[in-house]
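Numbers for residues simply follow the sequence, beginning at 1.
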Amino acid sequence: LEANPKNYEAALQAGWMNVELGRNAAAVTAFKRALVLRGTSAEAHYGLGLAHQARGQVQAAIAEYERVVELDPDGRDTREVKAILRQLKP
């Protein structure tokens, strides 16, 4: 990511890699970088939501998940995101 900070795919992959490794603060940073480069990426919003949720930042996670549904209502992850939202929202 440092080698090419304007590469959306590299930022996205760094986010997912960090989520897998449990490095959620680094994942937040990477997904935010991806969103700077492509703000309408439902996948980056989804990853950011997962990273926020893992860090206990529930309201931030909810906001990201809601953005996923808004951006891609019929997307591949939308059903799962809606299920997560039902669990998180009172």
So, using salt bridge (Lys or Arg N to Asp or Glu O under 4.0 Å) as the criterion, who are the partners of Glu9 when residues are at least two apart? none
To check you understand the geometry: which heavy-atom pair defines the closest contact between Val19 and Gly47, and what is its length? CG2-O, 4.5 Å
Listed partners of Val36 passing side-chain contact (heavy atoms from CB on, under 4.5 Å), at least two apart: Arg33
Taking all non-hydrogen atoms of both residues, which atom of Leu35 and which atom of Ser41 are closest, and how far apart? CD2-O, 3.8 Å
Hydrophobic clusters here meaning ILVMFWY residues chained together by side-chain heavy-atom distances under 4.5 Å, can you tell me if Met17 and Tyr8 are in one? no
Once you round to the nearest 0.5 Å, how far does CG of Asn24 lie from CZ of Phe31? 9.5 Å
Linking Ile, Leu, Val, Met, Phe, Trp and Tyr by side-chain heavy atoms under 4.5 Å, what else ends up with Leu71? none
Could you pull out all residues at least two apart from Arg23 that satisfy side-chain contact (heavy atoms from CB on, under 4.5 Å)? Asn18, Leu21, Ala26
So which heavy atom on Ala30 is nearest to which on Ala11, and how close? CB-O, 3.6 Å
With sequence neighbours left out, what residues match Asp72 under side-chain contact (heavy atoms from CB on, under 4.5 Å)? Ala42
To the nearest 0.5 Å, what is the distance between CD (Gln13) and CG (Asn7)? 9.5 Å
Considering all heavy atoms of both residues, which atom of Ala34 and which atom of Ala44 are nearest to each other, and what is their separation? CB-CB, 4.1 Å
Quick one: side chain to side chain donor-acceptor pair (under 3.5 Å) partners of Thr78, sequence neighbours excluded? none
In short, side-chain hydrogen bond (donor to acceptor under 3.5 Å, both in side chains) pairs touching residues 49-64 with sequence neighbours left out are His45-Glu64, His52-Gln57, Gln53-Tyr65
Run the side-chain donor-acceptor check on residues 82-90: report pairs under 3.5 Å with partners two or more places apart or on a different chain.
{"unit_1": "Lys89", "atom_1": "NZ", "unit_2": "Glu66", "atom_2": "OE2", "d": "2.7"}

Give every residue pair that meets the salt bridge (Lys or Arg N to Asp or Glu O under 4.0 Å) criterion with at least one member in residues 37-53, sequence neighbours excluded. Glu43-Arg76
